[in-house]
Amino acid sequence: SLEKDVIAKIRSDVEKIVAHGEKPEAIYFFCTSDVPVSRRHEIQDETNSKHHLKLEILDGQAISEHLSDPNLFWIAQQFLSVPTEIYPTERESDWYANALFKWKADSNRVFSYASFVELKRCARHAAHTDGLRPDAVFWIKELQRFKDAEIGKDLKRKLVYELAFVSQHGLGELPGQESDLRDYFSAISGLVDPVGLEDAAALLILCTGAAASNALSLTHEELTCWRDTLVETIDKLLSNKTPPGTMCSLLELRGYMELAPDLNHPRTSNAKEALNWWKQLVKIVPNAPLYPLERFSDRLTGFIKFVDVTPEYTELSQTMDGLLSERYGGFVAAEKCRDRAMKLYDKNALLAAINQLHIAKVKWFTEETLKGSLLTMLVISQWYEELNLTFAGKYYALSVAHIAAHSSNDELKVFVPRALFRATECDYCHGSWANFLDLAPTALATHGQFSHEPVKPESPDDLDRFIFYVVTI
């Protein structure tokens, strides 16, 4: 129910149900909005005392929890078009061994969407795990058997995709799949579902890489034709009036296609055009509460390896952080800043990386997430030292020591010696050896006081370097 007054809606529905026909033993009410626990108990008690029946309320949060169960997630995939990438992980370490045994023992398995989801999960796990790659041959045979069965065309398309994915990552080649792939891409122009279009785009990238390495017998002209058709299909859908969530998915995909390689016309990816498409996305995403905003933010961070960190990219990433803060709070935005900083550091964009860490440091500076803020400040200190800004590095290291020493959280005290060792290293690298010797006894004393295992500290490299510096001086 999308009624603003959910409680009034529940009361009304209960009265209607009780007034007509045989009274049920229980009533189950489903609604997308969340119902506060106190109000839920209130209406349940009221219904029980008045009508002597059980009332169960499954609100948005409860429904989400049920659908995140690994055994029920296929419902969300099939009927809600939820991306496979957010499949919930199972805690049991032996889930794969149990599934492998079950699939090998059951030769007369009934093919359903639920069994496809399990098969897909097992096959991908084997393809991505070094010690399990020999199992990929078995899972490929099962995928092929599933594909050849009497199933719907949409499920058959998904199986073609999985066969290509598992074959490429598990075997390094796609033997004999050219015919299925040609059939798959021949239907691109008729696709209207963003999830299907996204699968097609990902499969096109995989096929392009496989063809370039001679692991797949497809011509460059075929791949270029499929790429152009996919772009035309997305553009056509964008020109139509579509819901905000669908529009966001299409805009994300359209930008992604600007980065897709074209073997027939080799060129550098058009990152500027990709950013332009994504700028349109962020303008309408506030009206699309079901669009996976965090997933797009993760992908935007991953694109750092393909695009230059321009002012336009920085502006877009900051806008995304603001949107994440509004939807999830500042903590998630801080995580994205940290992830982005590490990618920038790997790309030797040190100043841009430090700027992202400064943003994360502030967003994490709360009691609940103070550890993240302190860790971030220590990394900032290290990176300042790498820029030969040793005074700035020492400043941040001493700030960490001060905050940790005065924190009411005893678990943070371990940061005091780590930060002081960091500060002494800045003194050593700057050549301020008198300051180093002045601070060294305090650093060593706090190490003995606050480290969980002084002889085997949490960061042994810190202590090893400290001793080396002392001996050198």
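Predicted, not measured: the structure shown is a model, and the values here were computed from it.
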Scan side-chain atoms only and decide if [X] and [Y] contain a donor-acceptor pair under the 3.5 Å cut-off.
X: E386; Y: Y345; value: yes
X: T224; Y: D262; value: yes
X: Y256; Y: E198; value: no
X: E232; Y: S189; value: no

Do the side chain of [X] and the main chain of [Y] share a donor and acceptor less than 3.5 angstrom apart?
X: E56; Y: Y28; value: no
X: T129; Y: A126; value: no
X: E178; Y: S217; value: yes
X: S381; Y: G393; value: yes
X: T369; Y: G372; value: no
X: E273; Y: N270; value: no
X: S167; Y: A164; value: no
X: H125; Y: R121; value: no
X: R133; Y: G170; value: no
X: D94; Y: A97; value: no

With a 4.0 Å cut-off, would you call [X] and [Y] a salt bridge?
X: D13; Y: K9; result: yes
X: R124; Y: E118; result: no
X: E294; Y: K336; result: yes
X: R145; Y: D148; result: no
X: R254; Y: D235; result: yes
X: K156; Y: D180; result: no
X: K54; Y: E25; result: no
X: E312; Y: K279; result: no
X: K102; Y: E142; result: no
X: D199; Y: R157; result: no

Determine whether [X] and [Y] make a side-chain contact, defined as any pair of heavy atoms from C-beta on separated by less than 4.5 Å.
X: D135; Y: W139; answer: yes
X: I354; Y: L344; answer: no
X: L351; Y: N355; answer: no
X: P261; Y: I205; answer: yes
X: L374; Y: I403; answer: yes
X: K272; Y: E258; answer: no
X: T208; Y: L218; answer: no
X: M257; Y: L204; answer: yes

Residue pair E252, R295: steps toward the salt bridge (charged side-chain N to carboxylate O under 4.0 Å, His left out) verdict = CA-CA 11 Å; E252 177 188 348; R295 185 191 68 174; 3.6 Å; yes
What's the spacing between [X] [atom1] and [Y] [atom2] if we round to 0.5 Å?
X: W364; Y: I359; atom1: CH2; atom2: CD1; value: 12.0 Å
X: D339; Y: D298; atom1: CG; atom2: CG; value: 6.5 Å
X: W226; Y: L203; atom1: CH2; atom2: CG; value: 8.5 Å
X: T310; Y: L275; atom1: OG1; atom2: CG; value: 5.5 Å
X: F116; Y: L155; atom1: CZ; atom2: CG; value: 6.0 Å
X: L197; Y: T233; atom1: CG; atom2: OG1; value: 7.0 Å

Yes or no on side chain to side chain contact (heavy atoms under 4.5 Å, CB included) for H169 and H128, after CA distance, side-chain angles and deciding distance?
-> CA-CA 7 Å; H169 291 277; H128 280 301; 3.9 Å; yes
Once the angle between the rings of F165 and Y161 is folded into 0 to 90°, is it parallel (under 30°), tilted (30 to 60°) or perpendicular (over 60°)?
-> parallel
Aromatic rings F296 and Y291: how do their planes relate, parallel, tilted or perpendicular, breaks at 30° and 60°?
-> tilted
May I have the step-by-step check of side chain to side chain contact (heavy atoms under 4.5 Å, CB included) for L375 and V400, ending in yes or no?
-> CA-CA 8 Å; L375 285 169; V400 171; over 6 Å; no
Using every non-hydrogen atom in the two residues, find where [X] and [Y] come nearest and quote the distance to one decimal.
X: I140; Y: L163; value: O-CD2, 3.5 Å
X: R340; Y: S297; value: NH2-OG, 4.0 Å
X: D59; Y: V35; value: OD2-N, 3.0 Å
X: P194; Y: T246; value: CG-CG2, 3.6 Å
X: A200; Y: F185; value: O-CE2, 3.6 Å
X: I63; Y: L58; value: CD1-O, 3.6 Å

For W278, the option from L300, V285, L251 that meets side-chain contact (heavy atoms from CB on, under 4.5 Å) = L300
Among N240, L281, L238, find the one that has a side-chain contact (heavy atoms from CB on, under 4.5 Å) with L250.
-> L238
Kindly determine whether K363 and E335 satisfy salt bridge (charged side-chain N to carboxylate O under 4.0 Å, His left out), including the steps that lead there.
-> CA-CA 9 Å; K363 292 183 182 296; E335 292 176 359; over 6 Å; no
Worked verdict on K361 versus Y396 for side chain to side chain contact (heavy atoms under 4.5 Å, CB included) | CA-CA 11 Å; K361 167 200 69 180; Y396 270 91; 3.3 Å; yes
Could you tell me whether F365 atom CZ has more than 12 heavy atoms of other residues or ligands within 6.0 Å of it?
-> no
Flag yes if more than 12 heavy atoms outside D183 fall under 6.0 Å of its CG atom; otherwise flag no.
-> yes
In sequence, state the C-alpha distance, the side-chain angles, and the governing distance for W383 and L387, and then conclude on side chain to side chain contact (heavy atoms under 4.5 Å, CB included).
-> CA-CA 6 Å; W383 289 357; L387 291 173; 5.9 Å; no
Any cation-pi pair here, K104 with F138, using under 6.0 Å and within 45°?
-> yes
